[in-house]
S.K.: 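Let me begin by handing over the structure; questions about it come next.
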Amino acid sequence: MNDRRFVISMHILVLLSKFPDELLSSDFLAGSMNINPVLVRKELSNLRKHNIVISKEGKNGGCMLARPANEIFISDVYKIVSTHSILGNELASPNPKCPVGKQINEHLYDLNKEAENIMISRLANQTLADFSNRFE
């Protein structure tokens with residue numbers, strides 16, 4: 001995964017877990033990350049779509065976790081934001097006459113799936129609460 005979606009989503013979720021009874025605004029969340037609130041709202045929309053967060057519109061609006069942090073697994077967060085191969089993208093057009101070139105993308109795809117499955121399995125053993133508890 002070569003973008004920042006997972007990092008932004010985890011930052012949002014840790015903040016929400018630290019303030020479980022408060023509605024936090026996208027401006028507050030963005031201020032913690034020092035990024036544009038539009039990026040935060042984009043990730044919040046995705047997290048809301050997957051029932052990880054809930055939100056309230058309006059002047060006193062904001063968002064909060066949809067369920068307790070100990071019921072949200074980091075593997076689930078990874079799966080909903082993952083858009084890239086963790087080992088990199090395939091080669092656009094390797095030489096089909098080369099014994100390696102004609103098969104490289106297929107074997108790299110399999111290797112990537114293996115690595116991703118190992119990582120997801122490891123993340124499935126950690127909840128948002130576990131991760132959040134690392135912060136003082």
Side-chain angles (χ1 to χ4, degrees):
M1 189 170 71
N2 300 329
D3 62 22
R4 300 183 305 163
R5 294 187 67 200
F6 180 76
V7 173
I8 292 170
S9 293
M10 287 300 295
H11 197 131
I12 289 168
L13 295 173
V14 169
L15 282 169
L16 295 178
S17 74
K18 294 295 187 185
F19 300 92
D21 300 321
E22 296 181 40
L23 289 169
L24 301 183
S25 72
S26 57
D27 287 338
F28 174 83
L29 297 168
S32 175
M33 289 178 254
N34 228 5
I35 63 172
N36 190 309
V38 171
L39 295 171
V40 170
R41 286 192 285 274
K42 179 180 176 185
E43 292 312 315
L44 282 171
S45 176
N46 188 42
L47 293 167
R48 191 171 40 253
K49 182 174 97 174
H50 289 91
N51 301 312
I52 304 289
V53 301
I54 55 175
S55 62
K56 178 182 172 193
E57 302 285 329
K59 181 181 175 187
N60 295 322
C63 60
M64 62 191 323
L65 295 176
R67 57 185 184 270
N70 65 352
E71 295 177 13
I72 299 170
F73 291 89
I74 296 176
S75 58
D76 294 332
V77 176
Y78 172 80
K79 288 181 214 174
I80 67 172
V81 301
S82 173
T83 59
H84 293 88
S85 163
I86 62 172
L87 298 180
N89 297 323
E90 63 185 30
L91 294 170
S93 54
N95 184 345
K97 294 179 183 175
C98 171
V100 172
K102 69 182 178 184
Q103 300 177 52
I104 190 72
N105 284 335
E106 175 186 343
H107 294 302
L108 286 173
Y109 175 82
D110 292 343
L111 184 62
N112 182 69
K113 277 301 182 200
E114 282 179 50
E116 190 170 54
N117 287 338
I118 290 167
M119 184 183 67
I120 289 171
S121 174
R122 169 91 188 220
L123 295 177
N125 293 322
Q126 289 186 63
T127 66
L128 175 59
D130 296 329
F131 187 72
S132 183
N133 287 336
R134 296 179 184 182
F135 298 83
E136 296 177 7

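Fair warning: this is a prediction, and the values are worked out from it, not measured in the lab. Here, residue 1 is the first one in the sequence, and each next residue gets the next number.
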S.K.: Would you say that Met10 contacts Ile74 through its side chain, given a criterion of any heavy-atom pair below 4.5 Å between the two side chains?
M.R.: yes

S.K.: Check step by step if side-chain contact (heavy atoms from CB on, under 4.5 Å) holds for Ser26 and Leu44.
M.R.: CA-CA 8 Å; Ser26 57; Leu44 282 171; 4.2 Å; yes

S.K.: When hydrophobic residues are tied together by side-chain contacts of less than 4.5 Å, even through go-betweens, does Val53 share a cluster with Ile35?
M.R.: yes

S.K.: Answer with yes or no whether the hydrophobic clustering places Val38 together with Phe6; edges join I, L, V, M, F, W, Y residues whose side-chain heavy atoms lie under 4.5 Å apart.
M.R.: no

S.K.: Which heavy atom of Lys102 sits nearest a heavy atom of Pro96, and at what distance?
M.R.: CB-O, 3.3 Å

S.K.: Take a 6.0 Å sphere around NZ of Lys18 and say whether it holds more than 12 heavy atoms from other residues, nucleotides or ligands.
M.R.: yes

S.K.: Tell me the salt bridge (Lys or Arg N to Asp or Glu O under 4.0 Å) pairs involving residues 103-115, sequence neighbours left out?
M.R.: Lys113-Glu116

S.K.: Could you check if a side-chain atom of Ile12 sits within less than 4.5 angstrom of a side-chain atom of Glu43, using non-hydrogen atoms only?
M.R.: yes

S.K.: Any side-chain heavy atom of Pro20 sitting closer than 4.5 Å to one from Leu65?
M.R.: no

S.K.: Could you give the distance from CZ (Arg5) to CD1 (Ile80), rounded to the nearest 0.5 Å?
M.R.: 8.0 Å

S.K.: Using side-chain heavy atoms (C-beta onward) and a distance below 4.5 Å, is Leu24 in contact with Met64?
M.R.: no

S.K.: Looking at OH of Tyr78 and CE of Met119, how far apart are the two atoms once the value is rounded to the nearest 0.5 Å?
M.R.: 3.5 Å

S.K.: Can you find a heavy atom in the side chain of Phe73 that is under 4.5 Å from one in the side chain of Leu123?
M.R.: no

S.K.: Could you check whether any side-chain heavy atom of Leu128 comes within less than 4.5 Å of a side-chain heavy atom of Asn70, counting everything from C-beta outward?
M.R.: no

S.K.: Using the rule that Ile, Leu, Val, Met, Phe, Trp and Tyr join whenever any side-chain heavy atoms are under 4.5 Å apart, tell me whether Leu23 and Phe19 fall into a single cluster.
M.R.: no

S.K.: Would Ile104 and Tyr109 show up in the same hydrophobic cluster when neighbours are defined by side-chain heavy atoms closer than 4.5 Å?
M.R.: no

S.K.: Could you tell me the separation between the SG atom of Cys63 and the CD1 atom of Ile54, rounded to the nearest 0.5 Å?
M.R.: 9.0 Å

S.K.: Is Ser17 reaching over with its side chain to a backbone N or O of Val14, donor-acceptor style, under 3.5 angstrom?
M.R.: yes

S.K.: Can you tell me how far CG of Leu16 sits from CZ of Phe28, rounded to the nearest 0.5 angstrom?
M.R.: 9.5 Å

S.K.: So, taking the atom named OG in Ser75 and the one named CD in Gln126, what distance separates them when rounded to the nearest 0.5 Å?
M.R.: 9.5 Å

S.K.: Any chance CZ of Arg67 has more than 12 other-residue heavy atoms, nucleotides or ligands included, within less than 6.0 Å?
M.R.: yes

S.K.: Donor-acceptor check, side chain of Asn34 to backbone of Gly31, threshold 3.5 angstrom: yes or no?
M.R.: no

S.K.: Please round to the nearest 0.5 Å and tell me the distance separating atom CG of Asp76 and atom NE2 of His50.
M.R.: 10.0 Å

S.K.: For the residue pair Ile52 and Asn46, establish whether any side-chain heavy-atom pair is separated by less than 4.5 Å.
M.R.: no

S.K.: Would you check if Arg4 and Leu39 make a side-chain contact, meaning some heavy-atom pair closer than 4.5 Å?
M.R.: yes

S.K.: So Thr127 and Glu71, side-chain contact (heavy atoms from CB on, under 4.5 Å) or not? Walk me through it.
M.R.: CA-CA 7 Å; Thr127 66; Glu71 295 177 13; over 6 Å; no

